[in-house]
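In each ligand, atom 1 is the first atom listed, and ligand 1 is the first ligand listed.
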Amino acid sequence: MLTELQLSLSGANFQTWFKGKTNVLSLDKNSVEIGCVSAYNKTWIEERYLGKLKEIVDRLTGRQNTLTFTVASANIPTPTRKKEAQEDSTVPLFEEEASSSLIETLENAHINQRYSFSNFIVGQSNQLAYAVSKAVVEEPYTRYNPLLIHGGVGVGKTHLLQALAQATVLRRPKAKVLYCSSETFTNDMVEAIQKRQTTHFREKYRGVEVFLVDDIQFIAGRESTQEEFFHTFNTLYGQGKQIILSCDKKPEELDSLQERLKNRFIGGMIAKIDSPDLELREAILLAKAKGSGIKIGLPIIRALAERLGPSIRELEGGLLRLAAVSNLTGRPIDAALVNKTVASEKRLQSPLNTVTESVASFFSLSPADLKRKGRNKELVFPRQVAMYLLRKGANLSFKDISKYFGGKDHTNALYSVSKVENMVNNNVEIRNLVEELTTKAFKS
Ligand code: ADP
Ligand code: MG
């Protein structure tokens, strides 16, 4: 009940009225006695939360119940200091309350309790994806199906998918939920074929009710995986099951994804997570610092948020690095330490600049040369290689790449990339050259 309440109430309300202040004293055929820590607490809950509590109890027990409230402070475990500290932490609170069978269900569904809605911080960039994910928990199968969440590296796709899966399990313990990455799907399939257990594989994936597949981009280019996935998708979708996918770009931009899959993916709800803006980066840093007990002032949070990103993973990494250095050296976390620990310039540079620079210097040209118009042979090949690297190594969209080199739409980059791809496939020398350039452009 507490878990359910936590999902539907604001953190403050949950902490104030329920957590450590209420428990179930007895549970009979159709009556439930709830202990409250004080008379005040009891009145408040009876007046404001009776309806909600009844709804939850009825749903969980599968019958109509009468709820009674008793002041029973002796029976309510007093929250310890440690628990209080945990209330603010990023670790969800379910651990203490989740029964062992619930934990088992979460594990079977491949859900990591670390990722929940309660520790997902919402800003402009992820608002839509967050709202839609919550809506799918409330009303799966019909409303947003399939749901596809896309966005760059480290913006929170996995976190959101996991939170959605977790909340679904908590809300509907009987629903069969399964989270997997598209790589797991692929590996499972390969293994099933090897062991001649494809029936078993199909039973597993086609018997799911809420199916979440993370990083679907990895199946692009793998023909038999796409074939199998297509049928899995159709079977589930045909039976009205909920499908949720994540992808690192728009499905339309996945070059080697089969058309029929693209059409399926874009046939439902699509929500993009943009790179977090400064405010969200600050809010996340603040929450993470608080959660890990890192003492850090607001100005330093601000300085960090300005330097780190756009990946939220990078934000977390930077903060932890800073805390570790401070711990080890005994130095306070201040501007000087930030300067020392968190290198700024290079990581904030766009790959457009860094890749173009390294390609240009490799061919003894300047970046401006590469962007110059014209079909001069000496420039065309280096420019095409730069586009290829930006696409393959930095995952930029054809449109962005074209634009950077002065093109109007995506066609220029599309053409260049496929041209170089052909050369790489058919010419060892060019393959070696591109490999060397890749190392230069991305590993330095
Ligand atoms: P993606 O799957 O998009 O590459 P992840 O979901 O793995 O990104 O997120 C990277 C890290 O950032 C994770 O540790 C995740 O918990 C954290 N994170 C991402 N978005 C948020 C958010 N809005 N609030 C709190 N933490 C976040
Ligand atoms: Mg991810």
Side-chain angles (χ1 to χ4, degrees), residues 7 10-11 87-95 106 110-134 137 147-167 178-186 211-220 244-251 253-254 270-292 294 296 301 304-305 307-323 347 351 394-397:
L7 278 170
S10 81
E87 281 166 7
D88 282 339
S89 86
T90 54
V91 181
L93 305 157
F94 307 130
E95 284 165 335
L106 289 170
H110 299 162
I111 294 165
N112 179 344
Q113 289 185 59
R114 200 170 94 82
Y115 301 115
S116 67
F117 281 130
S118 61
N119 63 14
F120 187 83
I121 299 174
V122 186
Q124 241 174 17
S125 51
N126 56 22
Q127 209 167 28
L128 175 68
Y130 172 80
V132 172
S133 301
K134 284 213 116 171
V137 175
L147 165 63
L148 183 127
I149 293 175
H150 73 97
V153 178
V155 295
K157 303 182 294 294
T158 297
H159 191 136
L160 211 47
L161 252 64
Q162 284 272 333
L164 199 169
Q166 181 176 147
L178 182 65
Y179 165 96
C180 69
S181 70
S182 70
E183 279 165 315
T184 307
F185 182 87
T186 307
F211 187 37
L212 304 101
V213 188
D214 207 354
D215 290 320
I216 195 74
Q217 72 269 10
F218 290 127
I219 69 165
I244 300 124
L245 309 166
S246 88
C247 187
D248 69 350
K249 45 180 101 62
K250 275 192 209 159
E253 288 171 357
L254 286 178
I270 297 190
K272 182 177 183 208
I273 306 185
D274 285 308
S275 299
D277 58 16
L278 193 59
E279 280 83 22
L280 182 58
R281 296 211 297 278
E282 282 177 11
I284 288 173
L285 279 171
L286 209 56
K288 304 265 168 188
K290 223 173 154 195
S292 330
I294 301 172
I296 182 169
I301 291 273
L304 269 182
R307 286 187 183 206
L308 296 170
S311 154
I312 293 169
R313 200 172 289 126
E314 212 176 295
L315 280 181
E316 290 183 326
L319 179 69
L320 292 180
R321 214 169 332 126
L322 196 62
R347 28 179 76 244
N395 262 332
L396 298 183
S397 74

Taking all non-hydrogen atoms of both residues, which atom of Leu164 and which atom of Ile244 are closest, and how far apart? CD2-CD1, 3.9 Å

Closest heavy-atom pair, Leu308 versus Leu319, reported as atoms and distance to 0.1 Å, is CD1-N, 4.4 Å

To check your reading of the model: name the closest protein heavy atom to atom 26 (N) of ligand 1, its residue, and the distance in Å. Lys288 NZ, 3.1 Å

Determine whether more than 12 heavy atoms belonging to other residues, nucleotides or ligands lie under 6.0 Å from atom NZ of Lys250. no

Of all the heavy-atom pairs spanning Ile270 and Leu128, show the shortest one and how long it is. O-CD2, 4.4 Å

In terms of residue, atom name and distance, what is the protein heavy atom nearest to atom 11 (C) of ligand 1? Glu316 OE1, 3.6 Å

Ligand 1 atoms nearer than 4.0 angstrom to some heavy atom of Arg114 are 14 (O)

Proximal candidate to atom 17 (C) of ligand 1 [heavy atom criterion; set Ile312, Asp248, Leu160]: Ile312

Donor-acceptor pair, distance only, cut-off 3.5 Å: does the side chain of Glu282 make one with the backbone of Ala305? no

Within 4.0 Å of some non-hydrogen atom of Thr158, the atoms of ligand 1 are 1 (P), 2 (O), 6 (O), 7 (O)

So if I count the atoms of ligand 1 from 1 in the order they appear, which ones are less than 4.0 Å from some heavy atom of Gly152? 3 (O)

Distance filter under 4.0 Å to Asn119 heavy atoms, resulting ligand 1 atoms: 24 (N), 25 (C)

Ser311 side chain to Arg313 main-chain N or O, any donor-acceptor pair under 3.5 Å? yes

Compute the centroid of each ring, for Phe120 and then for Tyr115, and state whether the two points are separated by less than 6.0 Å. no

Before signing off on this row, confirm whether Val155 and ligand 1 have an N or O atom pair separated by under 3.5 Å. yes

Check each of Asp215, Thr158, Ile216 against Ser246 using the side-chain contact (heavy atoms from CB on, under 4.5 Å) test, and report the only one that passes. Asp215

Suppose we measure from atom 6 (O) of ligand 1 to each protein heavy atom; which comes out shortest, and what is that distance? His159 N, 2.8 Å

Heavy-atom nearest pair, Val155 first then Pro276, reads CG1-CD, 4.4 Å

Candidates Leu315, Ile149, Ile121, Asn112; heavy atom nearest atom 24 (N) of ligand 1 found on Ile121

Could you tell me whether Gly154 and ligand 1 have an N or O pair separated by under 3.5 Å? yes

Is it the case that ligand 1 has an N or O less than 3.5 angstrom from some N or O of Gly156? yes

for atom 7 (O) of ligand 1, nearest protein heavy atom and its distance come out as Arg313 NH2, 2.8 Å

For ligand 1, which is the ligand I care about here, please tell me if Tyr115 has any N or O atom under 3.5 Å from one of the ligand's N or O atoms. no

Could you confirm whether Ser181 has any N/O/S atom lying under 2.8 Å from the Mg ion (ligand 2)? no

Taken to the nearest 0.5 Å, the spacing of Leu106 CG from Gln162 CD works out to 9.5 Å

Could you list which atoms of ligand 1 come closer than 4.0 Å to a heavy atom of Asn126? 23 (N)

Interfacing atoms of ligand 1 (cut-off 4.0 Å, heavy-atom, Ile284): 22 (C), 23 (N), 24 (N)

Asp277 and Gln124: which non-hydrogen atoms are nearest, and at how many Å? OD2-OE1, 4.0 Å

